[in-house]
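Below: one structure, written as structure tokens.
Position 1 is the first residue of the sequence, and the numbers go up from there.
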Amino acid sequence: MAYYFDEPSRTFSEYLLVPGYSSAQCIPANVSLKTPVVKYRKGEEPALTMNIPLVSAIMQAVSGEKMAVALAQQGGISFIYGSQSVADEAAMVARVKSCKAGFVRSDSNVRPDQTLADILALKAQTGHSTVAVTDDGTAEGKLLGIVTSRDYRVTRMDPSTRVDTFMTPFNKLIYADEGVTLKEANNIIWDHKLNSLPVIDGEGRLLYMVFRKDYDSHKENPLELLDSHKRYVVGAGINTRDYAERVPALVEAGADVLCIDSSEGFSEWQKLTIDWIRERYGDTVKVGAGNVVDREGFRFLAECGADFVKVGIGGGSICITREQKGIGRGQATALIEVAAARDEYYKETGIYVPVCSDGGIVHDYHVTLALAMGADFIMLGRYFSRFDESPTNKVNIGGNYMKEYWGEGSARARNWQRYDMGGDSKLSFVEGVDSYVPYAGSLKDNVGMTLSKVRSTMCNCGALTIAELQAKAKITLVSATSIVEGGAHDVVLKDSGNTVK
């Protein structure tokens with residue numbers, strides 16, 4: 001006989017937080033949102049933490065390299081989508097890792113015999129105004145000069161003008177030798193009022209560029225998430241089919257953490273994938289797994305050796321798994337049960353396996369609820385797809401700007417590996433839709449607003465850390481009537497003239 005759950009599965013919108021005592025210390029400026037990303041033993045520190053509890057979803061329409069850089073600057077992690085070739089995903093990861101090391105490998109380079117037209121085309125392609133001139137046009141060539149926007153005037157020069165006639169030549173450059181520290185390089189930049197500083201080896205070959213803007217960026221983004229080499233932290237998605245090829249390429253590219261991207265993770269396929277990684281890399285490669293919606297699923301993946309477990313099936317705004325296959329669970333109920341299983345597992349083994357809540361976030365306050373219910377961090381798709389930094393097009397629909405957004409199970413993405421059940425290598429039917437979401441502007445502004453709400457609500461609950469919130473939170477179910485009461489009602493709104501009942 002089938003097993004029947006006693007209670008209905010519920011969503012975040014069916015709950016509210018009840019305020020607790022707030023001391024004078026409970027102000028948003030004192031709130032820390034630091035959170036573990038990977039498992040750790042009692043008494044030890046996790047190998048990887050985030051400064052904010054947000055990660056971007058493993059989706060074509062969400063997590064490209066621009067998203068990865070922008071989110072890391074705010075303290076979170078982006079998981080580069082895996083529904084592309086191994087080489088392309090690894091290249092994306094590598095570009096993110098080279099973007100911010102303090103010492104940056106130059107990716108805008110020309111030969112001296114190229115032209116102004118080539119400079120302009122490269123600038124249009126990369127957005128970089130500083131171009132290194134090397135003898136062979138590569139990032140490792142002998143440095144001959146530098147071109148910046150101050151070296152030419154498009155309106156007064158022929159596009160066919162050779163680069164070596166207007167570049168700043170090597171003998172007029174200020175540069176640093178191999179072995180210079182980042183602090184020393186920044187001092188040179190400030191002392192000589194430079195925007196960039198090339199670093200060369202003993203033979204004059206270009207090694208790195210150090211940019212003033214990276215120093216400024218760090219000061220503007222105090223929570224930015226960097227590895228031990230001052231590079232942005234970035235994650236990457238893998239699947240249960242080509243992991244033997246994909247994992248080594250992503251590790252070589254510098255990915256800090258991997259995650260098995262699957263619609264349903266309670267399967268032998270995930271165990272085989274984790275086993276393969278552990279046999280070859282031990283615990284040096286961090287890999288999350290999922291998705292699951294109950295205690296059994298969590299225990300299975302934790303015992304398989306997952307570094308974190310992702311919770312949620314069918315709750316995403318573009319996901320139609322529930323209506324197509326009839327599987328899933330309300331996100332709040334799933335998270336509550338899995339978080340309890342996580343705590344139970346920690347008491348038994350002394351190993352804490354972080355939980356990632358994936359899906360079901362509609363309003364900003366849902367993030368706080370998810371954290372209070374036990375999530376260590378939240379994975380978001382629709383939320384991040386609305387921003388400038390997502391890889392999709394901004395389009396005008398009916399006079400309003402929108403961003404394209406599609407699911408990995410849609411006919412557009414055709415990410416069959418995510419829904420793989422061991423059968424044919426194809427997507428037999430869709431489990432996601434192709435859609436638009438309202439354009440929302442920059443990631444930094446929106447994440448800042450969301451997290452200000454999270455910090456404020458935590459103070460209402462008397463909590464200054466996520467762990468304290470989970471210990472102190474008082475959560476209540478709400479009726480359908482009280483949900484209506486929670487919004488504007490029985491007034492005429494000024495901006496629309498509409499009466500809200």
Side-chain angles (χ1 to χ4, degrees), residues 3 5 32-50 53 55 77 79 233 235 238 240 243 247 251 255-262 264-313 329 331-358 370-379 463 465-473 475:
Y3 177 81
F5 289 90
S32 169
L33 295 176
K34 189 172 183 179
T35 192
V37 178
V38 297
K39 67 183 179 183
Y40 60 93
R41 290 188 176 276
K42 187 174 183 178
E44 298 179 354
E45 290 295 317
L48 181 61
T49 60
M50 288 189 294
V55 300
I77 297 176
F79 283 85
V233 172
I238 62 174
T240 57
Y243 53 83
V247 170
V251 171
D256 297 278
V257 58
L258 306 177
C259 183
I260 303 172
D261 184 26
S262 174
E264 202 279 296
F266 193 1
S267 74
E268 186 177 4
W269 305 111
Q270 298 228 350
K271 182 181 188 303
L272 293 172
T273 304
I274 296 171
D275 286 347
W276 187 91
I277 292 172
R278 295 290 176 247
E279 287 169 6
R280 285 155 182 81
Y281 297 98
D283 288 327
T284 61
V285 171
K286 306 303 181 184
V287 56
N291 287 17
V292 297
V293 292
D294 63 5
R295 177 185 178 278
E296 286 182 279
F298 171 85
R299 294 286 302 210
F300 172 77
L301 292 177
E303 289 166 2
C304 285
D307 283 292
F308 65 86
V309 173
K310 208 143 63 79
V311 181
I313 295 177
R329 200 175 191 189
Q331 186 66 11
T333 299
L335 177 58
I336 291 167
E337 180 172 323
V338 170
R342 183 263 324 273
D343 294 344
E344 175 187 281
Y345 186 78
Y346 180 51
K347 288 179 181 178
E348 288 179 14
T349 66
I351 300 173
Y352 187 92
V353 181
V355 166
C356 170
S357 179
D358 177 18
L371 295 173
M373 289 174 176
D376 294 282
F377 55 99
I378 320 296
M379 179 170 279
T465 66
I466 293 172
E468 196 175 5
L469 174 67
Q470 292 169 353
K472 290 185 174 181
I475 302 173

Self-check item: Step-by-step salt bridge (Lys or Arg N to Asp or Glu O under 4.0 Å) determination, Arg329 to Asp294
Solution: CA-CA 9 Å; Arg329 200 175 191 189; Asp294 63 5; 5.5 Å; no
Say you draw a straight line from [atom1] of [X] to [atom2] of [Y]; how long is it, rounded to the nearest 0.5 Å?
X      : Y      : atom1 : atom2 : result
Ser267 : Leu301 : OG    : CG    : 8.0 Å
Asp261 : Asp358 : CG    : CG    : 8.5 Å
Ser357 : Ile336 : OG    : CD1   : 10.5 Å
Leu371 : Leu469 : CG    : CG    : 6.5 Å
Asp256 : Phe79  : CG    : CZ    : 9.5 Å
Tyr243 : Trp276 : OH    : CH2   : 8.0 Å

Quick check: do [X] and [Y] have side-chain heavy atoms less than 4.5 Å from each other?
X      : Y      : answer
Gln331 : Met373 : no
Cys304 : Asp275 : no
Val247 : Tyr281 : yes
Val257 : Asp307 : no
Ile313 : Glu264 : yes

Closest non-hydrogen atom pair, [X] against [Y]:
X      : Y      : result
Cys356 : Ile378 : SG-C, 4.3 Å
Val285 : Arg278 : O-NH1, 2.9 Å
Gly312 : Asn291 : O-ND2, 2.7 Å
Leu258 : Ala255 : CD2-CB, 4.0 Å
Gly374 : Ala339 : CA-CB, 3.7 Å
Ala370 : Leu335 : O-CD2, 3.4 Å

Quiz item: Is it true that atom CD of Glu303 has more than 12 heavy atoms of other residues, nucleotides or ligands lying nearer than 6.0 Å?
Solution: yes
Quiz item: More than 12 non-hydrogen atoms from neighbouring residues, nucleotides or ligands closer than 6.0 Å to NZ on Lys286, yes or no?
Solution: yes
Self-check item: Sidechain N-carboxylate O distance under 4.0 Å for Lys347, Asp343
Solution: no
Quiz item: What residues form a ring pair (Phe, Tyr, Trp, His ring centres under 6.0 Å) with Phe308, not counting sequence neighbours?
Solution: Phe377
Practice problem: Applying side chain to side chain contact (heavy atoms under 4.5 Å, CB included), run through Ile351 and Tyr346 and close with a yes or a no. | Solution: CA-CA 5 Å; Ile351 300 173; Tyr346 180 51; 5.6 Å; no
Quiz item: If we ignore angles and hydrogens, is there a donor and acceptor under 3.5 Å between the side chains of Tyr352 and Arg342?
Solution: yes
Quiz item: For residues Gln270 and Thr240, is any side-chain donor paired with an opposing acceptor at under 3.5 Å?
Solution: no
Side-chain donor-acceptor contacts of residues 34-48 below 3.5 Å, not counting sequence neighbours, with atom names and distances?
| unit_1 | atom_1 | unit_2 | atom_2 | d |
| --- | --- | --- | --- | --- |
| Thr35 | OG1 | Asp376 | O | 2.6 |
| Lys39 | NZ | Gly305 | O | 3.2 |

Quiz item: Under 6.0 Å between ring centres, would you say that holds for Tyr3 and Phe5?
Solution: yes
